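Below: one structure, written as structure tokens.
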Amino acid sequence: MRWNLGVAGAASLLLAHSAAVELTIGDAASTKAAAGTIAYGLMKYYTGNNTGDTPGNLPDPYFWWEAGAMFGTLIDYWALTGDATYNNVTSQALLHQASGTRDFMPANQTRTEGNDDQGFWAMAAMSAAENNFPNPPSDQPQWLALAQAVFNQYASRWDESTCGGGLRWQIFQFNNGFNYKNTISNGCFFNLAARLARFTGNETYADWATKIFAWEESVGLITPQYDIYDGVTIKDGSCNDTDRIQWSYNHGIFIHGAAVMHNVTGGAALWTQRVQGILKSTQNLFYNNSTGVVFEQFCEMRGFCDNDQRSFKGYLTRWLAGTAQMVSDTFDPIQKMLQASAAAAARACSGSPAENLFRGLPGTACGFRWDQPFDGSTGVGEQMNALSAVMYTLVSRATTTVTAESGGTSKGDPGGGAQGPGGGGLPSQILLPIPLRERVAAGFLTAGFVFGVIGGSAFVML
Ligand SMILES: *[C@@H]1O[C@H](CO)[C@@H](O)[C@H](O)[C@H]1NC(C)=O
Ligand SMILES: *[C@@H]1O[C@H](CO)[C@@H](O)[C@H](O)[C@H]1NC(C)=O
Ligand SMILES: *[C@@H]1O[C@H](CO)[C@@H](O)[C@H](O)[C@H]1NC(C)=O
Ligand SMILES: *[C@@H]1O[C@H](CO)[C@@H](O)[C@H](O)[C@H]1NC(C)=O
Ligand SMILES: *[C@@H]1O[C@H](CO)[C@@H](O)[C@H](O)[C@H]1NC(C)=O
Ligand SMILES: *[C@@H]1O[C@H](CO)[C@@H](O)[C@H](O)[C@H]1NC(C)=O
Ligand SMILES: *[C@@H]1O[C@H](CO)[C@@H](O)[C@H](O)[C@H]1NC(C)=O
Ligand SMILES: *[C@@H]1O[C@H](CO)[C@@H](O)[C@H](O)[C@H]1NC(C)=O
């Protein structure tokens with residue numbers, strides 16, 4: 001029920017404002033100031049550092065994974081702008097949600113946690129290692145070790161019993177979606193494996209990255225034209241019931257991992273081909289031909305992107321910027337895509353809330369659609385997309401991330417991840433199945449259930 005509120009209700013609550021976030025493309029000071037204004041509006045949604053609240057959580061209706069995505073964005077924000085305002089809350093959130101088992105499987109989340117949810121937190125930890133984000137005290141989990149712990153758990157969950165391999169969407173058998181093998185979960189595994197390979201130089205990670213990409217192709221989720229589909233449902237042991245919706249973050253997570261593998265392999269032709277192929281497919285699907293501005297092709301123009309989906313194009317932006325850093329031939333085309341989108345995003349950050357949804361500076365609330373001034377849709381996804389659009393234009397040919405060999409200081413633990421509930425067998429005997437109502441309330445990150453919504457199925461009505 002909550003899923004359409006943002007778009008349907010917002011226009012009447014919010015007035016467009018003549019102010020907007022000012023941005024001069026290519027001017028670093030202007031870009032940092034614009035990013036700072038948008039980040040301020042974003043972090044006003046965060047309540048996890050208030051007394052009595054839980055560090056790392058966003059308030060309703062934002063799910064746990066999106067908070068992980070947000071802290072990943074904030075690490076890059078600091079790395080690109082030098083503004084450390086949010087570093088402390090970011091560290092606190094990541095360490096708290098890493099939890100006692102040091103693997104982003106906090107007991108509060110395990111009953112609904114999917115591989116993709118865990119992945120967005122793990123990728124934030126990986127970004128922290130790659131950017132030399134300040135290391136936690138030595139008695140706390142370390143960024144690299146956290147990424148390795150999640151990698152190890154993914155490897156232990158690789159399931160050859162159906163579809164010739166792949167990660168299932170869900171970790172636990174009793175959860176809806178356990179019979180779905182999806183691209184974003186395998187994309188998290190792929191992206192992490194490629195980046196761990198680059199950071200540590202350990203070939204095991206590179207072998208996994210190679211294997212995961214090949215699996216996505218073998219099952220038809222990545223096509224020869226580099227269309228990238230959402231996932232496949234296992235039915236009677238066969239795996240040809242494919243959800244062919246294309247979401248921008250799936251292109252993003254795979255192009256970035258492929259770009260990192262391009263770097264790891266010293267520019268292997270196969271990875272060049274994959275990077276260029278996904279880039280072309282990304283431009284064709286998600287970038288407006290006349291304006292060059294990114295949009296969520298499946299749902300944006302038709303106005304039914306849900307809360308989760310309203311944040312996806314920000315991650316595509318993040319991963320394209322990462323691609324530009326890894327594969328120099330992609331720098332110019334990607335910079336064009338990023339700059340056109342940044343200008344449009346900043347123009348759309350001109351809302352003023354009439355109700356207390358947005359607490360940033362008046363006249364700077366960011367909308368979701370960027371083909372018009374402020375469209376009335378506000379939230380964490382809208383702010384995060386616009387922040388990403390603006391700040392990733394700061395990526396230059398000279399910027400790069402570190403590795404263990406080139407100044408990276410984060411400490412690893414190649415054997416991590418064995419102690420949590422995700423490490424060993426499935427703890428279905430200690431965790432009771434969740435009532436359907438609760439599961440619906442907890443929501444689903446992946447888009448696999450979206451057609452239910454389009455078809456007006458019982459799933460939304462519950
Ligand atoms: C929580 O963090 C936000 C963002 O940094 C800050 O504005 C706010 O004052 C902090 N609240 C508390 C209680 O520390
Ligand atoms: C972050 O925490 C450190 C240590 O507790 C403190 O010295 C520093 O002032 C804090 N920075 C911000 C921006 O709150
Ligand atoms: C789990 O929930 C409890 C109760 O709300 C809270 O105190 C605790 O900090 C939470 N733990 C995590 C890791 O979120
Ligand atoms: C799906 O796969 C099964 C065997 O795995 C095969 O018998 C069936 O024809 C396939 N269906 C389609 C539509 O390809
Ligand atoms: C990989 O990245 C490093 C910098 O991080 C760079 O020096 C090197 O040339 C890159 N290799 C390839 C093949 O792009
Ligand atoms: C842009 O044009 C190309 C070539 O005609 C087409 O394949 C692509 O689908 C178009 N993209 C969009 C987003 O309309
Ligand atoms: C591209 O942008 C133009 C101008 O904003 C708009 O009219 C058109 O509908 C957009 N096309 C797509 C495929 O989004
Ligand atoms: C490389 O990574 C694998 C997988 O985590 C691990 O088992 C192995 O010990 C690592 N090797 C080194 C030299 O760290």
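Order of listing sets the numbers, starting from 1, for every ligand and every atom in it. This is a predicted model, so every value here is computed, not measured.
Proximity of F286 to ligand 6 is not established, as no heavy-atom distance is less than 4.0 Å. The closest approach between a heavy atom of N288 and any atom of ligand 6 is not below 4.0 Å. At least one heavy atom of M326 sits closer than 4.0 Å to an atom of ligand 5.
Considering backbone and side-chain atoms together, N108 places an N or O closer than 3.5 Å to an N or O of ligand 3. Considering backbone and side-chain atoms together, N263 places an N or O closer than 3.5 Å to an N or O of ligand 5. Taking only nitrogen or oxygen atoms, main chain and side chain alike, R198 reaches within less than 3.5 Å of ligand 5. In terms of polar-atom proximity, defined here as any N/O pair under 3.5 Å, N57 makes no such contact with ligand 3. Residue N284 has at least one N or O atom closer than 3.5 Å to an N or O atom of ligand 6.
Taking the six-membered ring where the residue is Trp, F120 and W319 present tilted rings, their angle falling between 30° and 60°. Ring orientation note: the planes of F213 and F254 are nearly perpendicular, at an angle over 60° on the 30°/60° scale. Ring orientation note: the planes of F151 and W208 are nearly perpendicular, at an angle over 60° on the 30°/60° scale.
In this structure, E216 does not pair ionically with K211, as no charged nitrogen and carboxylate oxygen lie closer than 4.0 Å. Using a cutoff of 4.0 Å between basic side-chain nitrogens and carboxylate oxygens, R397 and D332 are scored as salt-bridged.
No part of S99 comes within 4.0 Å of ligand 3, judged by heavy-atom distances. With a 4.0 Å cut-off on non-hydrogen atoms, Q97 touches ligand 3 through its side chain and not its backbone.
For atom 1 (C) of ligand 3, a protein heavy-atom neighbour is present inside the 4.0 Å cut-off. In this structure, atom 7 (O) of ligand 3 has its sub-4.0 angstrom surroundings free of protein heavy atoms. Distances from atom 4 (C) of ligand 6 to the protein include no heavy-atom value under 4.0 Å.
When atom types are taken as modelled, the side chain of D103 and the backbone of G416 share no donor-acceptor pair closer than 3.5 angstrom. Under the 3.5 Å distance criterion, the side-chain polar atoms of K280 are left unmatched by any main-chain donor or acceptor of Q225.
Among all heavy-atom pairs drawn from E130 and T401, the shortest one is O-CB, 3.4 Å. Here the closest non-hydrogen pair linking Y45 and L58 is O-CD2, 4.1 Å.
Remark: minimum distance from atom 9 (O) of ligand 3 to any protein heavy atom is reached at H96 NE2, 2.9 Å. Considering only non-hydrogen protein atoms, atom 13 (C) of ligand 5 sits nearest to G266 C, 3.5 Å. Nearest non-hydrogen protein atom to atom 14 (O) of ligand 6 is N289 ND2, 3.7 Å.
Taking a cut-off of under 4.0 Å to the non-hydrogen atoms of Y287, the atoms of ligand 6 that pass are 13 (C). Near G267, meaning under 4.0 Å from any of its heavy atoms, are these atoms of ligand 5: 13 (C). Atom numbering of ligand 3 starts at 1 in the shown order; those under 4.0 Å from a heavy atom of P106 are 13 (C).
Geometric assessment of K32 against the ring of Y77 yields a negative cation-pi assignment under the 6.0 Å and 45° thresholds. Within the cation-pi definition used here (under 6.0 Å to the ring centroid, within 45° of the axis), K411 does not qualify as a partner of W143. F298 carries R302 over the face of its six-membered ring, with the cationic atom under 6.0 Å from the centre and within 45° of the normal.
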